[in-house]
Amino acid sequence: TWESEKITQVVFGNSHVCALTDTKQLYAWGDNKFGQLGLGYDFNEDHYKHPQLCEQLTKISLKPVQVECGDNVTVILTERGEVWGWGTGETNQLCTGHTEDVWIPTRIDGFPKGTKVEQLLARNINCAIVTDSGVVWVWGWTFGEKPVKMTPVEDSKGKIHDVTTAALGHSSLLLFV
């Protein structure tokens, strides 16, 4: 149960909260109008005041090691190195190619096969990853542009930086090389 778990990470979205435990269980509460809590198809309740176990992850054997929240979206990095998400698809935050809401965990693809994700980021209406080779990939409504598919970050000369860590803001991306 929630009370007996050791919390290792807590993150806030626009109107929802997610907490990750040391046993790789994910709990979520708050607004669920777009499916951002990861509870599956639940049209009877749009707001949860108490933490809910994201059983959808257990059903498909996903064990998150990191969680991040955007405005109405939740993304996780699993122990297998996969990126999964759910919630609003309005600005392509889930890289699905459509703008419908996603109520169940959906794998986010688009970066090259074999990519090892070191860091996952989500803020507002955009998401990003930093890979083990220092490449940063962004998607969603990035930096005032129209919604974009998975795109590598490049400098003015077209070279991708060897990034060690990054921070994602509403309309900014800070890279540490």
Side-chain angles (χ1 to χ4, degrees), residues 1-2 4-14 16-30 32 34-42 48 51-89 91-98 100-140 142 149-153 163-168 173:
T1 66
W2 164 256
S4 64
E5 298 278 357
K6 180 181 176 190
I7 305 301
T8 59
Q9 183 187 8
V10 176
V11 292
F12 290 83
N14 185 43
H16 73 294
V17 181
C18 289
L20 184 61
T21 71
D22 63 343
T23 60
K24 298 178 177 58
Q25 297 291 313
L26 185 65
Y27 290 85
W29 62 101
N32 194 41
F34 303 97
Q36 65 265 43
L37 299 185
L39 304 177
Y41 297 98
D42 184 358
Y48 289 86
Q52 305 292 311
L53 178 63
C54 297
E55 294 176 354
Q56 295 294 317
L57 298 178
T58 307
K59 288 179 182 178
I60 54 177
S61 301
L62 292 179
K63 295 187 177 186
V65 295
Q66 184 186 354
V67 59
E68 294 293 331
C69 294
D71 275 356
N72 296 305
V73 68
T74 302
V75 291
I76 62 167
L77 176 61
T78 70
E79 66 182 1
R80 295 187 299 229
E82 300 167 339
V83 178
W84 290 69
W86 52 90
T88 186
T91 59
N92 200 40
Q93 299 99 304
L94 300 171
C95 268
T96 58
H98 60 74
E100 287 114 31
D101 300 336
V102 176
W103 290 79
I104 57 174
T106 301
R107 187 168 175 179
I108 297 174
D109 291 313
F111 31 89
K113 189 174 177 96
T115 297
K116 185 172 185 303
V117 178
E118 292 289 327
Q119 184 183 7
L120 175 65
L121 305 119
R123 297 291 179 270
N124 300 83
I125 53 178
N126 49 49
C127 299
I129 60 167
V130 178
T131 70
D132 63 339
S133 62
V135 177
V136 176
W137 292 79
V138 296
W139 63 94
T142 55
K149 60 183 180 180
M150 188 82 58
T151 307
V153 174
V163 176
T164 57
T165 191
L168 185 61
L173 178 64

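Below, all heavy atoms of this structure are taken into account, side chains as well, without hydrogens, waters or symmetry copies. In this chain, residues are counted from 1 in sequence order.
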Q) Any donor and acceptor pair, going by atom type alone, linking the side chain of E55 with main-chain N or O of L53 inside 3.5 Å? A) no

(Q) Could you check whether any side-chain heavy atom of V135 comes within less than 4.5 Å of a side-chain heavy atom of T115, counting everything from C-beta outward? (A) no

(Q) Can you list everything that forms a side chain to side chain contact (heavy atoms under 4.5 Å, CB included) with K6? Sequence neighbours excluded, please. (A) D22

Q | Considering all heavy atoms, the nearest A19-V10 contact | A | CB-CG2, 4.2 Å

(Q) Within this structure, what is the OG1-CD distance for the pair T21 and E5, rounded to the nearest 0.5 Å? (A) 4.0 Å

Q.
Distance check, rounded to the nearest 0.5 Å: K63 atom NZ versus T23 atom OG1?
A. 9.0 Å

(Q) For the backbone of V67 and the side chain of Q9, can you confirm whether one donor and one acceptor N or O come within less than 3.5 Å of each other? (A) yes

Q.
I need the minimum non-hydrogen distance between N32 and G38, along with the two atoms involved.
A. OD1-N, 4.4 Å

Q. Any donor-acceptor pair under 3.5 Å linking the side chain of W103 with the backbone of G40?
A. no

Q | Close side-chain approach of C69 to Q36, heavy-atom, < 4.5 Å | A | no

(Q) Using modelled atom types and a 3.5 Å cut-off, is there a donor and acceptor pairing between side-chain atoms of T106 and backbone atoms of I104? (A) yes

Q: List the atom of A122, the atom of V75, and the distance in Å for their closest heavy-atom pair.
A: CB-CG2, 3.8 Å

**Q.** Q93 side-chain N/O to V73 backbone N/O, donor-acceptor pair under 3.5 Å
**A.** no

Q.
Just verifying a value: how many Å separate I7 CD1 and C18 SG, rounded to the nearest 0.5 Å?
A. 11.0 Å

Q | Nearest atoms (heavy-atom pairs only) where V102 meets G85 | A | CG1-O, 4.3 Å

Q: Could you tell me which non-hydrogen atom of A166 sits nearest to which non-hydrogen atom of L121, and how far apart they are?
A: O-CD2, 3.3 Å

Q: Looking only at non-hydrogen atoms, find the nearest pair between G81 and V117 and report the distance.
A: O-CG2, 4.1 Å

Q. Mind checking whether D71 and T88 have side chains closer than 4.5 Å, heavy atoms only?
A. no

Q: Would you give the length of the straight line joining atom CD1 of I60 to atom CH2 of W84, rounded to the nearest 0.5 angstrom?
A: 4.0 Å

Q) In Å and rounded to the nearest 0.5 Å, what is the CZ to OG1 distance from R107 to T78? A) 7.5 Å

Q) Is a donor on one side and an acceptor on the other found under 3.5 Å between the side chain of D101 and the backbone of G35? A) no

Q. With no hydrogens and no angle check, is any side-chain donor or acceptor of E82 less than 3.5 Å from a backbone partner on R80?
A. no

Q: For W29, check ring pair (Phe, Tyr, Trp, His ring centres under 6.0 Å) against everything at least two apart and list the hits.
A: W2

Q) Would you say the side-chain atoms of T74 pair up with the backbone N or O of L37, donor to acceptor, closer than 3.5 Å? A) no

Q | Straight-line distance of N72 CG to N124 CG, nearest 0.5 Å | A | 10.5 Å

